[in-house]
Amino acid sequence: MTELFSLPPDAAEPRLHVARRTLERLRGVPELALRYADCAAPRTLDGLAALPPLDKDGLNAALAHLEPRAAPGAGATWLFQSGGSTGAPKVGHAPTGFYMAGVHARWRPLERDDVFVNAWGAGRMWGAHFLAAALADLAGCRILAVGSVATDEYADWLRFFATARVTAIGGTPSVLRLWFARARDAGLELPALRKVLWLGEAWQPQLEADLAAVAPRARRWGMFGSTETWVVGTNTPDCPADTFHPLPEQLVHVGAAELLDFTTLDPAVLNPVLRYRTGDAGTLLACPCGRPGSAMRVLGRRDSVVQVRGLGLHVDEVIARAEREPGVSRAQVVITEEHGRAATVELLLLAGPGGPPDTERLRRAVLSATFTLSTAFQHDPESFRVRRVDELVSNGRTGKTAGLVVREGS
């Protein structure tokens, strides 16, 4: 089973004392005590793989009970949350610095002469803005902490970026698409921009076309992680967008159904991350960039399957079908529930190049080709709708635009 881990036994097993300590902490959580009661302390990778995986609800229960604190001298204990668009928010703890010294030691997209725009949303317990600021601080570059921007402010900010000769920008891909799409629509260019940092969502290929028009010298630098795991891995412009090199203190395991789980080997990490599943699937392979060691290719989220009237709807498949349609820049599924049952499903379309999409034709095509929708709405097909919108539904706190939004009806 060891071939399913990102590190070989000789690199990982001497550090499994961290996993054993984490196991003892989890055994002390009343809601989890029974789950771990008969588990042997892992001393090998096979022993670690025998432990039950930890899900989001379990980790939240552990954090509520343990109330982790940063070690004396390590700074404050920061609490952040993520999610909330498709489920309950998840909480994570980190000391000042957010473990970015270890990231910076191995991944340096920013240099001292860079001018970096931090476009991740700040405040409201959203962690990526502060994490990126810590990385920029280690790089010693100049930083513009922009955060959330109103629709009518983009053009002025973009002109300022050009004047300030901004060389790097970072944000979630959905936020970055707002910046570059508006720059392209306004005919603005960022000739000095060379680096685009991203974290929080999968890279969106549609960004490439806007980047080519607005900042043809810019190349992407990605991070993969979550508020619970913090940064697990990174990639460079020489890596595929879906492939990341795990940090040596982050042990990645490929489990059943290709579900990834993560175990921290860093004794300073506050979250009890032990075979923690984020919902992402993936594989381990050799990266085309040529860097030695196992890389992690992320295949997408397995929790994008949601129940609609008792049937599983593959949200990613519906979105991918819609985004292949001419005139569609991006798509989003919005489910409105009443008394716990899906009353309507809407497929929202953000227009792109190629003229307005034919919403009714697309509605008929998706309804007839998608078993869940055609069956669930057999008697009320009008409850599945497709419509064009000027903006997709986004999280006002983080600026992220999820592929799936679930709302409670009136």
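Annotation: Asp390, atom CG; neighbour count of heavy atoms from other residues, nucleotides and ligands within 6.0 Å does not exceed 12. Counting non-hydrogen atoms of other residues, nucleotides and ligands closer than 6.0 Å to CZ of Arg106 gives a total above 12.
A donor atom on one side chain and an acceptor atom on the other are not found under 3.5 Å apart for Gln206 and Ser329. For Glu208 and Trp203, the side-chain atoms include at least one donor-acceptor pair closer than 3.5 Å. For the 3.5 Å distance criterion, the side chains of Thr278 and Asp280 qualify, holding a donor opposite an acceptor.
Each of Val273, Leu7, Leu247 was checked for a side chain to side chain contact (heavy atoms under 4.5 Å, CB included) with Leu265, and the lone residue meeting it is Leu7. Evaluated for a side-chain hydrogen bond (donor to acceptor under 3.5 Å, both in side chains) with Arg275, the options Asp261, Thr22, Asp55 yield exactly one hit, Asp261.
Of the possible donor and acceptor atoms, none in the side chain of Thr370 sits under 3.5 Å from a partner among the backbone N and O of Leu367. Using modelled atom types, one side-chain atom of Lys195 and one backbone atom of Pro109 make a donor-acceptor pair closer than 3.5 Å. In terms of modelled atom types and a separation under 3.5 Å, the side chain of Ser226 and the main chain of Thr229 share a donor-acceptor contact.
Considering CH2 of Trp157 and CZ of Arg182, their distance stands at 15.5 Å, rounded to 0.5 Å.
In this structure, Glu346 pairs ionically with Arg387, as a charged nitrogen and a carboxylate oxygen lie closer than 4.0 Å.
For the pair Thr96 and Trp78, the minimum side-chain heavy-atom distance is below 4.5 Å.
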